[in-house]
Number of protein chains: 2
Amino acid sequence: MTEIRADFVWSRPARGARGPKPTHTRDEFAQVSVQIADSEGIDAVSIRRVAQEVGVAPAALYRYVRRKDELHDLMVDLVFAEQAPPELSGHWRTDLRVVAYEARHRALRHPWLTTLSTQRIALGPGSLAWMEFAFGAFDGHELTADEIMTNVQTLIAFVTGHVLGQIGEEQASARSGMNHDEWLQAMSVHGEEIIGSGRYPRVARLMVEAAGPHDPDHADHSFDLGVERILDGMSAMVGAR
Amino acid sequence: MTEIRADFVWSRPARGARGPKPTHTRDEFAQVSVQIADSEGIDAVSIRRVAQEVGVAPAALYRYVRRKDELHDLMVDLVFAEQAPPELSGHWRTDLRVVAYEARHRALRHPWLTTLSTQRIALGPGSLAWMEFAFGAFDGHELTADEIMTNVQTLIAFVTGHVLGQIGEEQASARSGMNHDEWLQAMSVHGEEIIGSGRYPRVARLMVEAAGPHDPDHADHSFDLGVERILDGMSAMVGAR
DNA sequence: GTCATATTGCGAACACCGTACACGGTGGGG
DNA sequence: CCCCACCGTGTACGGTGTTCGCAATATGAC
């Protein structure tokens with residue numbers, strides 16, 4: 001009967017009990033990684049690059065982290081910890097709005113965040129604090145554990161998806177090396193083919209009429225609306241206020 | 001005044017007008033790629049691997065595709081085309097439900113799909129057909145182009161986020177090489193630390209009480225609920241039925 | 001206080017990866 | 001008919017994550 005042991009960064013001691021003092025910390029590597037990812041994209045975060053930036057041999061990183069994934073986990077939790085959740089207000093709608101808006105803000109500040117956090121589940125102190133806050137929104141309302149989890153999951157799912165859509169569009173234009181206007185124009189050239197083909201009349205109409213892609217505030221508004229819509233959906237279950 | 005030209009796979013001719021016949025097709029490479037990704041994960045889809053599987057030199061792929069990203073675009077559109085949208089029913093709720101459920105089904109069948117499709121925007125015939133269908137759901141209702149796009153975007157955002165959450169959990173256990181039960185147990189060992197720490201009482205309570213993680217149907221139910229909730233939110237805007 | 005031992009950082013190496021380029025063979029448009 | 005655009009290929013470059021053996025180090029055990 002072998003003991004099954006979870007192997008997360010968080011459940012391993014920060015340093016061994018026996019050997020020489022580590023010259024750096026997990027946090028330091030995480031911070032440097034976040035900095036690189038913010039300014040040059042997540043793909044620029046390579047073991048060698050991070051090592052170089054910290055001033056250490058590439059192989060040294062593996063004394064702090066088992067695999068590159070764990071470095072990602074540290075990055076994710078670090079940005080969750082950037083902003084600690086506030087005190088619970090006592091109004092579930094208010095608190096869930098905070099969860100949603102803060103999550104979106106966080107994801108837009110660090111465009112690599114959503115991609116990483118949806119590929120692995122990081123349960124570090126930073127993320128846990130926010131989970132605690134989100135669940136706390138329903139304190140005093142008689143919801144089952146499953147109902148609470150489903151509600152929070154629904155909200156987060158929307159935020160995740162919405163942000164991914166927005167980032168995807170922005171990065172598609174960034175990657176092409178064009179500025180936003182040029183990209184829109186290039187897009188519309190391809191759009192002409194779609195419109196011209198006559199096979200997708202509704203898509204064609206919306207591409208012409210919708211202000212969405214041209215209006216930088218569109219993402220904000222559609223986010224606001226979506227959040228309120230989802231909160232509306234919960235209110236029947238939660239009861240008053 | 002240089003002409004800005006969109007450079008998508010879809011707007012380039014399938015073969016040159018002059019030279020020898022290509023021995024393969026874009027579709028063939030896409031099919032092989034999908035097969036590899038389905039059975040071994042998206043990371044197994046390398047230029048060299050796909051080339052080998054098709055029986056061709058690695059460099060040959062670049063006659064069909066400018067960069068690896070375009071191969072991904074082809075993969076995405078291929079699985080959208082697996083199932084063509086049905087005829088519009090005339091009931092917007094019914095049709096949007098089809099959009100949501102089919103999108104989820106598609107994403108669960110091909111766990112790599114969501115990751116890819118959120119990183120690039122692929123506007124091939126397969127995806128366009130579904131866009132056309134989704135927009136068509138609001139035919140006859142007096143919505144602005146922006147309202148239609150926002151509604152569809154909200155729904156897709158939720159599906160995306162929800163599926164990503166589900167897949168993330170499944171893959172976390174798959175990657176660890178444990179079966180699902182073992183992983184749950186390993187998770188719970190880490191959970192003990194969280195519960196034991198006393199710092200996250202609500203998280204601790206939900207980890208114990210929620211049937212979610214243990215119930216394989218939980219994801220389905222929470223998806224159903226989420227979709228209905230979002231459709232509820234739209235109904236005020238759409239009006240009757 | 002001494003010693004054994006676990007742990008650290010490091011250099012080198014391995015097996016991959018995406019992509020560029022020059023090359024000879026092919027076949028359709030002028 | 002012939003030119004030349006295009007196809008497939010071999011080779012090469014610079015990058016990636018990760019492993020392994022080694023010397024130096026600091027701690028727990030005696």
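Keep in mind it's a predicted model, so treat the numbers as computed, not measured. Proteins get letters first, then strands, A, B, ... in listed order; numbering begins at 1 in each.
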Base, backbone or nothing for each nucleotide of nucleotides 2-12 of chain C, written B, S, -, heavy atoms under 4.0 angstrom, 5' to 3'?
-> ---BBBBBBB-
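- Every residue two or more places apart in sequence or in another chain was checked for a side-chain contact (heavy atoms from CB on, under 4.5 Å) with A:A57, and none qualifies.
- The salt bridge (charged side-chain N to carboxylate O under 4.0 Å, His left out) check on A:E132 picks up B:R202, with sequence neighbours excluded.
- Remark: B:F29 pairs with B:H24, B:Y64 by the ring pair (Phe, Tyr, Trp, His ring centres under 6.0 Å) rule, at least two apart or across chains.
- Remark: A:Y101 engages A:F223 in a ring pair (Phe, Tyr, Trp, His ring centres under 6.0 Å) (not counting sequence neighbours).
- Contacts between chain B and DNA chain D, taken as any atom within less than 4.0 angstrom of a protein heavy atom, begin and end at D:dA5 to D:dA12.
- Legend: residues meeting side-chain contact (heavy atoms from CB on, under 4.5 Å) with A:A129, ordered by chain and number and at least two apart, are A:P85.
- Atom P of nucleotide C:dC17 and atom CG of B:L71 are separated by 14 Å, given to the nearest angstrom.
- For C:dG18, the OP1/OP2 oxygens have no side-chain nitrogen or oxygen of B:R67 closer than 4.0 Å.
- Among residues two or more places apart in sequence or in another chain, the side-chain contact (heavy atoms from CB on, under 4.5 Å) test is passed with A:R48 by A:S46, A:P58.
- One atom, CZ of A:R48, and another, P of C:dC17, lie 16 Å apart when rounded to the nearest Å.
- When the salt bridge (charged side-chain N to carboxylate O under 4.0 Å, His left out) test is applied to A:E28, no partner is found at least two apart in sequence or on another chain.
- Scored by the salt bridge (charged side-chain N to carboxylate O under 4.0 Å, His left out) test, B:R12 finds B:D7, B:E70 as partners (sequence neighbours excluded).
- With sequence neighbours left out, B:R15 forms a salt bridge (charged side-chain N to carboxylate O under 4.0 Å, His left out) with no residue at all.
- Because its NZ or CZ atom is both nearer than 6.0 Å to the ring centre of A:W130 and within 45° of the ring axis, A:R106 counts as a cation-pi partner of that residue.
- For the segment residues 25-47 of chain B, no residue has any heavy atom less than 4.0 angstrom from an atom of DNA chain D.
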